[in-house]
Amino acid sequence: MTLDEHTTLAGRFVRSRVVFGPHETNLAVGRSLSDRHRAYYQRRAEGGAGIVVTEVASVLENDWPYERAPLASECGPGWQSIAAACAPYGTLVVAGLGHTGMQGSSAYSQSVLWGPSRVADPVTRELPMAMGQPEIDQLMAGFREASAMAIASGMDGVELDAGPRSILRQFLSGLTNTRQDRYGTDRVALVREIISAVREEVGSDHVVSLRLSCDEEAPWAGLTPDLAAGFARDLSPLLDLLVVVRGGLYSSEGYRPDFHCPPNFNLDLCREIKAAVSIPVVVQGSVVDITDAHTALEVAEFVEMTRAQIADPDLVVKAARGDRPRPCVLCNQTCLVRDPRNPVVTCVGNPSAGFETVDPDEREQISAPGAVLVVGGGPAGMEAARISAVAGHSVTLVESSSQFGGMIRTFARGDGRSRFALLAQWLEDECRRSGVTMRTGAAVDAQDLSDARSRGELVVVATGSAARPPTYPVDDSVRWLDASEAFGKLTTVGPGPVALIDPLGGPIAVALAEALAAEGVSVSIVTPDGIVGSRLGASGDLVGANTRIQQAGVTRVLASRVIEIASGAVCVEHVHTGERSQLECEVVIDCSPRLPNETLKEAADIQVGDSVAPRTVLESIREGRFAGFTTRTSFNSAERAIS
């Protein structure tokens with residue numbers, strides 16, 4: 001079975017076997033689906049998605065799990081717009097519907113949370129009210145009315161959420177359902193009744209799908225594969241489609257984990273559930289590569305590739321013609337957006353995701369091509385070169401080192417981070433395929449750039465960053481390394497004790513600590529925060545990172561800052577008490593922010609990426625992308641300098 005093979009569901013045509021699953025986007029206006037939603041889903045339909053499931057809409061107003069969470073009663077016009085936009089491409093569009101119950105938030109609704117029983121959420125510690133029959137009746141009516149509105153708005157069907165954060169899963173699980181009434185003695189009863197009500201509402205000619213958590217990874221009381229198989233068997237006569245996922249009260253991060261979890265992790269689980277039902281099943285679980293997707297289709301009828309299609313909306317079309325899609329690196333840095341700052345969903349490798357109504361279309365050609373010189377072959381420089389070449393310019397990309405990729409390749413050496421090298425290689429390959437002239441070992445100076453500009457070439461400078469000198473006294477009793485340098489010398493850093501200084505709380509120090517510990521090196525991390533990797537919460541790896549480094553024997557020196565390095569030790573001071581202590585070491589690795597390389601700043605028409613200010617992969621590629629767009633409209637002088 002191939003990804004682009006078509007089929008039918010509930011008598012409706014489905015273009016391909018690839019599903020674009022529901023996820024938070026923060027694209028809503030208030031609690032309504034917006035025109036940005038429409039463009040976002042339309043772009044994936046254009047690229048070959050067989051099924052698009054829209055962002056889960058709360059079926060009742062008292063469920064408000066995050067600030068921009070859609071509310072079904074306000075989604076009619078948005079659903080109508082999305083359905084009309086996706087229909088010409090043969091994509092089946094399904095409305096995601098749910099309620100987060102005790103795993104929601106009262107911060108926005110200012111009302112009590114609902115739950116099957118009085119069990120507090122382990123994350124928020126908030127205690128819900130135990131739902132009585134009136135609340136259960138309201139919930140059933142909410143699903144019924146939301147389904148009716150979705151169908152009236154042109155949706156091909158609905159998908160009911162019984163996944164890791166849903167009230168339906170909470171009724172199915174012994175972790176959260178300790179009731180003594182019939183909804184406790186028969187824990188599938190409420191889900192069965194809601195699906196029956198929805199089926200009655202939408203009829204047999206519209207799709208009813210269920211996203212079901214089949215393993216809460218809490219076998220002492222939670223959903224297990226055996227229990228889930230029984231529930232799936234019971235419910236399947238009422239369904240057209242079943243999406244097999246995992247995660248629950250204590251393991252919601254297992255739903256869409258980052259690169260530390262191997263892709264296709266749900267295959268065995270899906271195979272077990274598939275054996276219990278006779279309806280089509282969807283495999284979900286970090287399926288992001290074409291080869292893995294074809295393997296998944298040996299187990300089930302459909303494969304969910306949500307993050308892969310955020311990274312490249314043309315994934316299915318490219319796979320069909322043998323092209324390599326832009327890779328998803330499974331970093332979770334910008335596609336998981338349940339965050340108080342309300343970031344819009346996007347992708348570090350494809351910053352136009354989520355910004356389809358804002359960014360130009362990179363496929364557009366220009367009528368008057370010229371010549372572009374890009375200095376620096378890191379992610380910013382390669383993206384600038386690629387976008388400029390796709391537009392029709394003659395582009396030369398020069399890199400002073402022996403390989404392209406910059407910091408992406410450097411940090412791809414960290415534990416589990418090798419997927420970042422796939423993105424660097426894709427950018428390099430696409431530059432070559434687009435006709436970019438590429439040179440390594442090519443050092444240029446300001447005079448070279450001045451000469452290029454005099455020839456009418458537009459100059460884009462993406463020269464990256466340089467190590468930041470230590471901000472504390474350091475004597476020669478220890479070896480001091482910048483984090484970038486350390487990644488290149490992992491096997492030679494030890495064997496003596498190593499102290500990692502991490503003022504950022506990001507993934508770099510964690511990756512270095514894991515890599516060095518794997519080499520048998522004694523490692524300590526010094527951080528001013530109360531926990532290592534404090535910025536990893538958004539990517540879902542905060543708990544995982546601290547678990548891994550503790551298991552690896554890494555010492556954590558928390559709430560501390562470095563005062564000096566002398567006499568073979570790091571002197572640290574507690575940020576709250578001022579108490580000082582000594583940490584013996586032979587090597588210090590500083591993971592502080594680097595400084596911009598500004599040597600060619602004055603000779604640039606456009607300056608991008610770390611040469612402006614060292615930040616993340618997202619900013620590098622986004623600014624390189626904007627530079628490429630700028631070359632289309634402003635050639636001999638940069639009207640839109642990026643700084």
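Since we're looking at a predicted model, the values are computed, not measured.
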message = For residues 525-546, which residue pairs pass the salt bridge (charged side-chain N to carboxylate O under 4.0 Å, His left out) check, not counting sequence neighbours?
response =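 Sorted pair list: D541-R548.
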query = What residue pairs, at least two apart or across chains, pass salt bridge (charged side-chain N to carboxylate O under 4.0 Å, His left out) with a residue in residues 372-384?
reply =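 Listed by first then second residue: E383-R386, E383-R625.
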task = Please determine which of L373, V460, V436, T440 meets the side-chain contact (heavy atoms from CB on, under 4.5 Å) test together with L397.
result =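 Among the candidates, only V436 passes.
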[atom1]/[X]: more than 12 non-hydrogen atoms of other groups inside 6.0 Å:
X    : atom1 : value
R479 : CZ    : yes
E584 : CD    : no
Q550 : CD    : no

Residues [X] and [Y]: side-chain donor-acceptor under 3.5 angstrom:
X    : Y    : result
Q103 : T100 : no
S352 : E362 : no
S388 : T631 : yes
R307 : N332 : yes
N597 : T599 : yes
T25  : E55  : yes
Y255 : N266 : no

Which distance, rounded to the nearest 0.5 Å, do you find between the [atom1] of [X] and the [atom2] of [Y]?
X    : Y    : atom1 : atom2 : result
D312 : M305 : CG    : CE    : 10.0 Å
R561 : C571 : CZ    : SG    : 11.0 Å
R326 : K318 : CZ    : NZ    : 6.0 Å

request  = Go through the structure and list residues passing ring pair (Phe, Tyr, Trp, His ring centres under 6.0 Å) with F420, not counting sequence neighbours.
outcome  =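 For F420, no residue satisfies ring pair (Phe, Tyr, Trp, His ring centres under 6.0 Å) once neighbours in sequence are set aside.
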ask   = Run the side-chain hydrogen bond (donor to acceptor under 3.5 Å, both in side chains) check on S106 and E126 step by step: do they pass?
value = CA-CA 9 Å; S106 61; E126 190 164 355; 2.7 Å; yes
message = Tell me whether the NZ or CZ atom of R622 lies within the 45° cone about the ring axis of F355 and under 6.0 Å from its centre.
response =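 Output no; distance or angle outside limits.
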message = Suppose we call two aromatic rings close when their centres sit under 6.0 Å apart. Are H23 and Y66 close by that rule?
response =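 Aromatic pair excluded; centres sit 6.0 Å or further apart.
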